[in-house]
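Reminder, nothing fancy here: chain letters follow the sequence lines and each chain counts from 1. Basis for what follows: all heavy atoms, side chains included, without hydrogens, waters or symmetry-related copies.
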2 protein chains.
Amino acid sequence: MQPRHRNALGEIAVANEPDRAEDETAHKLMLAGMELFGQYGFKGTTTRMIAEAADSNIGSIAYYFDNKTGLYHAIARHIAQRMRDVFGFNDERPPTEASDRDQALAQLELIVRRMVRQFAQAPEARRWLMLVIREQANPSEAFDILYEETFERVHVHLTRLIAVVMDRSPDEHRVIIEAHTIMGQIVFFLVGRFPLLRRLGLEGEFPPEVVDTVEQVVISHLHALAFTTKG
Amino acid sequence: MQPRHRNALGEIAVANEPDRAEDETAHKLMLAGMELFGQYGFKGTTTRMIAEAADSNIGSIAYYFDNKTGLYHAIARHIAQRMRDVFGFNDERPPTEASDRDQALAQLELIVRRMVRQFAQAPEARRWLMLVIREQANPSEAFDILYEETFERVHVHLTRLIAVVMDRSPDEHRVIIEAHTIMGQIVFFLVGRFPLLRRLGLEGEFPPEVVDTVEQVVISHLHALAFTTKG
DNA sequence: TCATCGTATAATCATTTGATTAAAAATGAA
DNA sequence: TTCATTTTTAATCAAATGATTATACGATGA
């Protein structure tokens with residue numbers, strides 16, 4: 001009755017093992033759910049939609065994840081893990097600290113490039129960003145998962161690097177807000193992609209030169225931080 | 001059977017007249033709908049929720065707006081109008097053009113301050129921003145209303161001013177993307193307000209000094225535009 | 001006072017939805 | 001193969017939902 005790989009906590013082992021075989025039912029449900037929850041939101045996505053997209057059965061959702069909410073949380077955990085993978089925050093050691101301004105800037109540039117490219121090009125990242133945005137704007141229980149396991153780490157890391165660039169303390173509100181603003185620039189590139197495409201007279205996907213320009217814009221803002229006078 | 005104020009196009013006159021008496025049923029439905037659609041999304045909001053919040057009846061939704069979708073579109077039109085009011089884009093004449101860099105910067109600062117304060121403090125603006133964000137990320141028919149009637153005008157105006165500051169053409173992709181990035185910074189201040197509050201060790205509302213800092217951050221990015229070397 | 005018309009309400013309807021169930025199918029060990 | 005266990009499936013259920021309808025209410029004018 002209980003699936004073999006359900007542990008004592010009621011958690012689903014497979015939920016944290018994205019490397020399972022492609023045809024695993026639980027994995028297929030999570031993939032389909034990620035796509036659909038991101039696109040239509042939690043309530044906008046029906047269990048039947050998920051089951052059909054996953055080429056599976058409604059009953060399997062209950063079998064592997066207890067219920068729709070369980071699947072949603074499993075997906076949040078999976079996304080948190082994948083985000084850390086993609087952004088290189090999943091190693092045991094924390095990302096290396098930068099000691100001087102040039103090093104910090106170089107690391108920031110690297111992070112920005114990686115995030116912009118992921119959001120612009122990797123279909124996977126695009127899939128889950130909307131789910132993440134929804135949670136940030138309108139937190140459910142999944143927000144805590146995403147915040148604690150990923151968002152805070154990225155945010156703190158950005159803040160530390162920016163503190164070095166600005167020659168300020170990473171505890172200052174100003175520095176934290178600068179980090180937040182940098183994230184906002186990147187995120188809005190994806191969240192507001194439809195209006196941006198229209199404004200550029202384009203349709204469909206962002207062409208590579210636009211992605212390059214977005215990178216340049218964000219990076220130029222990073223460099224400007226070095227010249228911000230202390231107030 | 002048909003409400004008196006329904007015109008030939010099937011549009012609802014009251015939908016574009018936010019100044020009607022407070023106790024007008026149609027107006028109450030729109031207010032409640034704005035709040036609820038913004039918070040729970042289109043599917044996440046039920047007609048019963050709206051009717052109850054508006055202290056009205058389910059049947060009235062059909063009576064005034066045909067159906068749930070009609071109410072949603074009426075709300076989108078109303079929001080578009082209110083956004084233009086709030087940001088001063090509702091005059092017959094387009095906003096004044098800036099001829100030199102200092103004038104353009106001053107105008108940009110004004111716009112940024114107005115938007116940040118609205119998003120931070122006006123409950124109304126906060127209410128509809130989430131609805132707008134959802135539409136941008138996941139466009140329905142209401143997206144066209146919001147885009148054409150408001151977003152594009154604001155975007156174009158920002159782009160023109162930024163073009164002056166950067167001494168470039170407002171048609172350049174670089175300039176359009178800079179404008180988009182500025183909007184992203186402001187919008188993410190509200191969309192990502194929960195994670196930002198957590199990072200700042202705060203809860204509830206943004207205190208005034210945080211709002212001030214956000215303004216300073218965005219404005220410093222505006223000023224940095226003047227020093228961006230042409231590429 | 002009554003009649004009319006615009007508005008509001010409660011009851012009802014057909015679908016949809018998440019969840020459950022019992023049976024079938026697949027899997028694997030003896 | 002046999003048999004027990006795990007997994008998948010289709011059918012079913014109760015609750016919720018958008019829409020509709022018939023009726024009641026209330027203001028206005030004859």
Side-chain angles (χ1 to χ4, degrees), chain A residues 1-8 10 12-15 17 20-33 36-37 39-75 140-142, chain B residues 1-8 10 12-15 17 20-33 36-37 39-75 140-142:
Chain A
M1 200 51 97
Q2 288 283 56
R4 183 186 48 193
H5 46 286
R6 184 186 298 265
N7 69 19
I12 311 303
V14 73
E17 294 174 23
R20 271 185 117 86
E22 274 289 328
D23 55 10
E24 276 279 338
T25 303
H27 190 236
K28 284 195 299 178
L29 287 172
M30 287 180 61
L31 269 186
L36 293 166
F37 283 135
Q39 192 164 5
Y40 302 109
F42 183 76
K43 287 212 57 167
T45 304
T46 70
T47 52
R48 282 170 179 80
M49 284 162 70
I50 297 170
E52 187 177 10
D55 203 18
S56 178
N57 186 280
I58 313 179
S60 298
I61 294 172
Y63 184 72
Y64 285 104
F65 304 98
D66 272 359
N67 51 36
K68 188 184 176 185
T69 305
L71 171 60
Y72 187 70
H73 288 173
I75 287 171
S140 77
E141 283 179 47
Chain B
M1 202 50 99
Q2 286 282 57
R4 184 187 47 192
H5 46 284
R6 186 186 297 266
N7 70 18
I12 311 303
V14 73
E17 292 174 25
R20 268 185 120 83
E22 274 289 327
D23 56 10
E24 276 280 337
T25 304
H27 190 237
K28 286 194 297 177
L29 286 171
M30 286 179 61
L31 270 186
L36 292 166
F37 283 136
Q39 192 164 5
Y40 302 110
F42 182 76
K43 286 213 57 169
T45 304
T46 71
T47 53
R48 283 168 179 82
M49 285 163 68
I50 297 171
E52 188 177 10
D55 203 18
S56 177
N57 187 280
I58 313 181
S60 298
I61 294 172
Y63 185 70
Y64 285 103
F65 305 98
D66 273 1
N67 52 35
K68 186 183 175 185
T69 305
L71 171 59
Y72 187 69
H73 288 174
I75 287 171
S140 78
E141 281 178 47

> Counting side-chain heavy atoms from C-beta on, which of dA8(C), dG18(C), dT8(D) comes nearest to S60(B)?
Replying inline: dA8(C)
>> Please confirm whether the shortest side-chain N or O distance from T25(B) to OP1 or OP2 of dA8(C) is below 4.0 Å.
In response: yes
> Do M30(B) and Y64(B) come close enough that some side-chain heavy atom pair is under 4.5 Å?
Replying inline: no
> For the pair made of NZ in K28(B) and C1' in dT9(C), what is the distance, rounded to whole Å?
Replying inline: 13 Å
>> Nearest heavy atom decides the nucleotide; on that basis, is T69(B) or S56(A) closer to the 5' end of DNA chain D?
In response: S56(A)
> For I50(A) and dT17(C), what is the distance between atoms CD1 and C1' respectively, to the nearest whole Å?
Replying inline: 12 Å
> Can you tell me how far OG1 of T45(A) sits from NZ of K43(B), rounded to the nearest 0.5 angstrom?
Replying inline: 8.5 Å
>> How many whole angstroms separate atom CD1 of I61(A) from atom P of dT9(D)?
In response: 12 Å
> In whole Å, what is the span from the OH atom of Y63(A) to the C1' atom of dA10(D)?
Replying inline: 17 Å
> Can you check the K68(B) NZ to dT15(C) P distance for me, whole Å?
Replying inline: 18 Å
Identify every side-chain donor-acceptor pair in residues 48-60 of chain A under 3.5 Å, counting partners at least two apart or on other chains, and give the distances.
unit_1 : atom_1 : unit_2 : atom_2 : d
S56(A) : OG     : S60(A) : OG     : 3.4
N57(A) : OD1    : G59(A) : N      : 2.7

> Who pairs with F42(B) by ring pair (Phe, Tyr, Trp, His ring centres under 6.0 Å), at least two apart in sequence or on another chain?
Replying inline: F37(B), Y72(B)
> Atom OG1 of T69(A) and atom CD1 of I61(A): how far apart are they, to the nearest 0.5 Å?
Replying inline: 11.0 Å
> Quick one: is dT17(D) close enough that its OP1 or OP2 comes under 4.0 Å of any side-chain N or O from K43(B)?
Replying inline: no
When you compare the protein's N or O atoms with those of nucleotides 12-14 of chain D, which come within less than 3.5 Å of each other, and at what distance?
none

>> Is the phosphate of dT17(C) approached by T47(A) (side-chain N or O, under 4.0 Å from OP1 or OP2)?
In response: no
> When the distance from CG of N57(A) to P of dT8(D) is rounded to whole Å, what number comes out?
Replying inline: 9 Å
> What residues, two or more places apart in sequence or in another chain, satisfy side-chain hydrogen bond (donor to acceptor under 3.5 Å, both in side chains) together with S140(B)?
Replying inline: E135(B)
>> If you only use heavy atoms from C-beta on, which nucleotide in dA19(C), dG18(D), dT8(D) is closest to the side chain of N67(A)?
In response: dA19(C)
> Separation of E24(B) atom CD from dA27(D) atom C1', in whole Å?
Replying inline: 14 Å
> Starting at CG of L29(B) and ending at P of dT7(C), how long is that distance when rounded to a whole Å?
Replying inline: 13 Å
> Would you say Y64(B) reaches dA8(C)'s phosphate, i.e. side-chain N/O to OP1/OP2 under 4.0 Å?
Replying inline: yes
